[in-house]
Amino acid sequence: MSERKNPYPFDAFEPKWQSIWDNEKTFKTLNPGDAGFDASKPKCYILDMFPYPSGAGLHVGHPEGYTATDIVSRYKRMNGFNVLHPMGWDSFGLPAEQYAIKTGQHPSITTYANIDTFRRQLKMLGFSYDWDREVATTDPRYVRWTQWIFLRLYNSYYNEELKKACPVSELEEKGWTREQIDNVRLAYVAEGMVNWSPDMGTVLANEEAEEWKSKGHIVERRKLRQWMLRITAYAERLIDELEPLDWPESIKLLQRNWIGKSTGAEVNFTCGEHTITVYTTRPDTLFGATYMVLSPEHELVAQITTPEQKAAVEAYQAECAAKSDLERTDLSKEKTGVFTGAYATNPVNGNQVPIWIADYVLTGYGTGAIMAVPAHDSRDFEFATRFNLPIIQVVQPDDADTPWQDFCGYDGTMVNSAHFNGLSVPEAKAKMTAWLEEMGYGCGKVNYKLRDWLFSRQRYWGEPFPIVWNSEDGNHYAIPESELPLLQPEMEDFKPSGDPRGPLVKATSWIQYSDTFTRETNTMPQWAGSCWYYLRYLDPTNDNAFVDPEVEKYWMGGNNPGGVDLYVGGTEHAVLHLLYARFWHKVLYDYGLVSTNEPFNKLVNQGLILGEDSQKMSKSRGNVVNPDDIVREYGADSLRMYEMFMGPLKEVKPWQTKGVEGISRFLARVWRLAMVENQEGEWVLSDNIREADSGVTPVRKEVHKTIKKVTEDIESMSFNTAISKMMECVNAMYTALKDNAGICLADYVSLLHVLNPYAPHLTEELYSILQQRFASLPACQLCRQTWPTWNPEYLVENTKEIVIQVNGKLRDKITVAADAPKEEVEAAALASPRVQEHTAGKTIRKVIVVPGRLVNIVAN
RNA sequence: GCCGGCUUGGCGGAAUUGGUAGACGCGCUCGACUCAAAAUCGAGUUCGAAAGAGUGUGGGUUCGAGUCCCACAGCCGGUACCA
């Protein structure tokens with residue numbers, strides 16, 4: 001520990017202000033209907049991605065986004081908005097469960113201990129959250145409504161005509177059978193191939209499987225009965241309604257690619273009495289189809305395979321079944337497949353084409369069968385080359401230098417395609433689709449890559465499904481809403497047992513709901529709670545509804561486009577959380593339970609903070625920076641402000657502890673503008689700050705420039721340049737002090753105002769000290785005061801420096817009156833000795849005068 | 001492979017969107033204060049002695065390019081046979 005005295009006493013006043021804000025509930029936000037609520041103010045909902053309260057505590061990445069939103073929140077409050085700025089905990093999760101298994105402690109114990117640490121750390125940074133709205137996804141009062149929303153999904157289907165969710169009870173009234181209804185629910189049960197780890201006792205997402213395998217866990221593919229959410233029903237809306245959002249284009253693109261919309265056609269091939277339907281995005285190339293491929297799992301494979309090929313086909317199917325998704329999709333391996341012995345008829349020309357099976361055709365996409373056009377599809381080309389299948393050209397590339405083999409582009413002309421010859425590819429695509437429909441050979445079809453969402457997990461520490469199974473009819477039923485929340489039973493042993501029903505099967509008395517009903521033992525994934533937390537903040541203690549409709553309307557509705565006004569977080573949630581939450585929100589919207597079809601109107605992604613070595617921070621690299629250490633050493637204001645000064649919020653940037661020192665020095669300079677140490681070493685107000693107005697001094701001008709710059713930069717979230725400007729302003733004040741001019745109180749207080757959102761502790765402390773001396777200052781915290789405005793008159797310069805270039809090179813600078821006419825500026829430029837030197841012996845061809853900026857003289 | 005993003009001094013980064021490249025900060029150098037140091041304050045700091053050169057590379061448009069266009073390279077992220 002250093003002996004160094006703190007450059008300003010943040011260690012004394014930062015905790016002081018934090019407890020004032022806590023005790024006074026300075027940042028409490030009222031709802032419509034609350035006493036004292038001011039309905040005349042516009043609303044602003046500023047949201048952070050809530051953290052998973054891990055045992056490691058806060059990371060320096062957290063305060064980056066949290067400081068940015070805190071600055072905007074404080075700024076908006078000072079500009080007369082009702083600001084909703086809440087914080088909570090995404091507190092279900094595997095680490096707590098695994099720690100619990102190791103220690104034998106209940107996961108709620110570690111979870112709530114970690115939450116306490118996170119809350120302490122966030123309060124230590126002076127964020128202006130309304131802590132009365134804190135939520136935790138593990139809280140029974142929260143779980144209740146997560147389960148309630150799940151039941152909404154369970155009791156809904158997607159009405160294709162209305163393009164919205166509707167209650168399945170409508171279908172019952174229409175006389176649908178139980179089975180038919182179960183097939184359309186938004187939450188449904190399906191058998192499917194999943195990654196199952198017997199030793200961990202849970203299913204894994206595809207993305208997780210390889211990672212756990214490399215850590216020595218066993219991951220196998222198993223057909224299991226799982227709960228799914230029918231997010232695919234919303235694919236079209238999830239793409240279309242993304243468009244108008246104020247999100248980074250790159251994130252929109254990521255979501256669009258993930259949903260993966262493609263337009264093409266389904267075409268029916270015949271094989272004996274069977275019809276095999278294929279999906280293609282290139283119906284135009286139908287005349288070039290020389291073989292067909294079914295996925296190994298395709299249901300017709302067994303029926304069409306000839307006796308001679310049966311053994312080979314079955315061997316291949318077994319081989320594929322043993323492979324993981326990752327092995328199957330390894331692009332570097334050679335294509336494999338076997339011939340079924342069967343042939344299909346191409347409907348457009350009656351050609352007989354061989355039918356193969358190969359694992360490069362996926363079961364889950366399209367129809368699980370393709371027509372292969374090796375001339376114009378790289379995968380088919382590779383396969384056909386390997387197995388010596390015929391290749392027929394049907395597209396001639398427009399660029400004569402491009403070979404037609406393996407040409408997959410759209411800029412070409414049809415050949416060998418009967419009456420389609422001569423058409424461009426896009427024309428042929430449209431005409432072929434229309435023709436297929438006319439002839440009854442097929443139809444246009446839109447497909448999505450998006451799959452339904454595997455929603456069940458075999459874990460203890462998650463929301464149990466509010467579902468019971470009837471042992472007589474084998475059906476699932478919702479439990480009554482009055483029984484929510486349904487919590488996990490208290491259990492001694494929630495270790496995975498290898499049973500794919502999950503650890504809850506061991507709670508035998510809990511499972512037994514009644515004589516004929518047993519409980520579903522799966523739990524929901526961590527995403528469930530984070531899908532709607534932003535709605536619970538609006539009304540966190542309501543036990544009658546997940547949110548009061550009037551309250552929801554105020555915070556989420558109203559001004560176009562509504563929703564959360566600003567949502568800041570990392571890119572890692574670009575497709576998962578942000579897609580899932582949009583999906584749930586749309587279901588709620590379909591029922592009129594929320595006001596907008598989209599939850600997050602504006603999204604900003606903060607960039608990752610790297611370690612001092614420009615590498616990703618990690619324990620193993622030893623480059624992790626702990627916010628606690630920085631706050632102890634330099635104070636919360638320094639940490640907040642440094643993270644904003646590092647660079648643009650959106651950019652990836654490396655940490656530099658020396659940079660924190662620089663900010664700390666700056667804040668100390670602000671402090672010492674007003675404060676001085678007396679003989680006893682105590683900080684007291686100096687006489688630098690003077691109440692008398694000194695008029696329009698250079699400092700006054702600089703302060704107003706700073707107000708303008710900081711205001712504009714907060715609006716555009718360019719916090720780093722706002723801080724630079726405040727530094728320049730402070731530098732100007734020090735320059736004024738050199739001349740013993742003193743600093744005008746009004747100017748200094750304006751600086752404190754604009755600095756307040758960045759460094760709230762320091763500025764409140766200085767203001768309260770000044771307020772004791774200068775009674776003219778309102779006795780009210782800065783954060784409750786009004787944001788200052790700049791006087792444009794102070795910004796007007798009456799002279800301008802004009803740059804003079806000869807042939808584009810800087811040669812001289814002259815100062816002219818701001819309103820000097822062009823001719824005068826030009827004449828002054830030409831008269832410059834430096835210019836004459838550089839134009840000597842040359843002819844002046846042209847003179848360009850940009851008023852207020854520069855003169856460029858072209859001479860040769 | 002495909003799709004995005006980035007590339008500016010010794011370092012983090014500015015640059016009014018086509019008009020003084022390097023604001024602000026870090027680091028470094030020198031000076032003041034001090035017995036000395038730290039802290040603080042002040043001066044300087046793209047390279048080059050200078051002419052001049054200079055924003056990943058090569059070309060182009062323009063009176064003028066970090067900024068616009070074309071080609072390429074490197075790094076980072078996403079995605080993975082989606083027919």
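Numbered from 1 within each chain, the chains take letters A, B, ... in sequence-line order.
- As rounded to whole Å, 13 Å separates atom P of B:A83 from atom CG of A:D284.
- Remark: C1' of B:G12 and CG of A:N720 are 10 Å apart, rounded to the nearest angstrom.
- Nearest to the side chain of A:D359, among B:C81, B:C24, B:G19, sits B:C81.
- Contact check, A:K653 against B:G12: no side-chain N or O comes under 4.0 Å of OP1 or OP2.
- Anti is the glycosidic conformation of B:U16, whose angle departs from 0 by more than 90°.
- For A:R853 against B:U16, a side-chain-to-base donor-acceptor contact under 3.5 Å is present.
- When the C1' atom is used for both B:G19 and B:U79, the distance is 42 Å, rounded to whole Å.
- Between B:G25 and A:N731, a contact under 4.0 Å exists linking OP1 or OP2 to a side-chain N or O.
- Within 4.0 Å (heavy atoms only), A:Q805 reaches at least one base atom of the nucleic acid.
- A:Y642 and A:T657 share no donor-acceptor pair across their side chains, judged by distance under 3.5 Å alone.
- As rounded to whole Å, 11 Å separates atom C1' of B:A14 from atom CG of A:D713.
- Comparing the C1' positions of B:A80 and B:C69 gives an interatomic distance of 32 Å, to the nearest angstrom.
- Between the C1' atoms of B:G10 and B:U45, the separation comes to 11 Å (whole Å).
- Cation-pi contact between A:R640 and A:Y758: absent, since separation from the ring centre below 6.0 Å together with deviation from the ring axis within 45° is not met.
- The side chain of A:Y360 contributes no N or O atom lying less than 4.0 Å from OP1 or OP2 of B:A83.
- The distance between atom CG of A:L649 and atom P of B:G13, rounded to the nearest whole Å, is 13 Å.
- The pairing partner recorded for B:C35 is none, the criterion being a Watson-Crick or G-U wobble arrangement whose two distances lie under 3.5 angstrom.
- Heavy atoms of A:K809 sit under 4.0 angstrom from primed sugar atoms or phosphate atoms, though from no base atom.
- Backbone-only engagement by A:L254 is indicated by non-hydrogen atom pairs under 4.0 Å involving sugar-phosphate atoms exclusively.
- The phosphate of B:G27 has OP1 or OP2 within less than 4.0 Å of a side-chain N or O from A:K658.
- Contact check for A:F407 versus A:S378: no side-chain heavy atoms found under the 4.5 Å cut-off.
- For the pair A:R282 and A:Y410, the cation-pi test (distance below 6.0 Å, angle within 45°) is passed.
- Syn is the conformation of B:G9, whose glycosidic angle sits no further than 90° from 0.
- By the neighbour-count criterion of 12 heavy atoms within 6.0 Å, atom NZ of A:K800 is sparsely surrounded, having that number or fewer from other residues, nucleotides or ligands.
- Nucleic acid contact class of A:V850 (heavy atoms, under 4.0 Å, all strands): base.
- In this structure, the CD atom of A:E712 is 17 Å from the P atom of B:A14, given to the nearest Å.
- Across all strands shown, B:U61 remains unpaired; no Watson-Crick or G-U wobble contact has both distances below 3.5 Å.
- Nearest-nucleotide positions on RNA chain B for A:T721 and A:M727 put A:T721 closer to the 5' end.
- For A:R672 and B:C41, the shortest distance from a side-chain N or O to OP1 or OP2 is below 4.0 Å.
- For the P atoms, the distance from B:C47 to B:G12 is 16 Å, rounded to whole Å.
- Within 6.0 Å of NZ on A:K261 lie more than 12 heavy atoms contributed by other residues, nucleotides or ligands.
- Checked by distance alone, A:K335 brings a side-chain donor or acceptor within 3.5 Å of a matching partner on the base of B:C81.
- Using the Watson-Crick or G-U wobble rule with both distances under 3.5 Å, B:C26 pairs with B:G10.
- The partner of B:G66, taking Watson-Crick or G-U wobble pairs whose two distances both stay under 3.5 Å, does not exist in any strand shown.
- Between A:R451 atom CZ and B:A80 atom C1' the separation is 12 Å, expressed in whole Å.
- Using a 4.0 Å heavy-atom distance criterion, A:L253 is classed as a sugar-phosphate-only contact.
- At whole-Å resolution of the value, NZ in A:K449 and P in B:C3 are 12 Å apart.
- Across the strands present, B:C72 finds its partner in B:G56; the criterion is a Watson-Crick or G-U wobble pair with both atom distances under 3.5 angstrom.
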Test log, rule salt bridge (charged side-chain N to carboxylate O under 4.0 Å, His left out), inputs A:E612 and A:R621: CA-CA 11 Å; A:E612 205 126 15; A:R621 283 203 187 87; over 6 Å; no
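- Residue contacts for A:S378: at a heavy-atom cut-off of 4.0 Å it reaches no nucleic acid atom on any strand shown.
- With B:C41, B:C24, B:A83 as the candidates, the nucleotide lying closest to the side chain of A:E728 is B:C24.
- Comparing A:G662 and A:P648 by the nucleotide of RNA chain B that holds the closest heavy atom to each, the one mapping nearer the 5' end is A:P648.
- For the P atom pair drawn from B:A65 and B:U57, the interatomic distance equals 15 Å after rounding to whole Å.
- The separation of B:G66 from B:G1, taken at their P atoms, amounts to 31 Å, rounded to a whole angstrom.
- Both tests pass for A:K335 against the ring of A:Y360: distance under 6.0 Å to the centre and angle within 45° of the axis.
- Between B:U55 and B:U20, the two C1' atoms lie 15 Å apart (nearest whole Å).
- Nucleotide B:U16 forms a pair with no other nucleotide shown, judged by Watson-Crick or G-U wobble geometry with both contacts under 3.5 Å.
- One atom, CG of A:L854, and another, P of B:C63, lie 14 Å apart when rounded to the nearest Å.
- More than 12 non-hydrogen atoms from other residues, nucleotides or ligands lie less than 6.0 angstrom from CD of A:E682.
- For B:G78, neither phosphate oxygen OP1 nor OP2 lies less than 4.0 angstrom from any side-chain nitrogen or oxygen of A:S250.
- Comparing the P positions of B:C26 and B:G18 gives a spacing of 33 Å, expressed to the nearest Å.
- The nucleotide B:G77 finds its pairing partner in B:C3, both defining distances of the Watson-Crick or G-U wobble pair being shorter than 3.5 Å.
- Here the nucleotide nearest the side chain of A:L810, chosen from B:U20, B:G25, B:A15, is B:U20.
- Using a 4.0 Å heavy-atom criterion, one finds that A:V373 contacts no nucleic acid atom at all.
- A sub-4.0 Å separation between OP1 or OP2 of B:C26 and a side-chain N or O of A:R665 is present.
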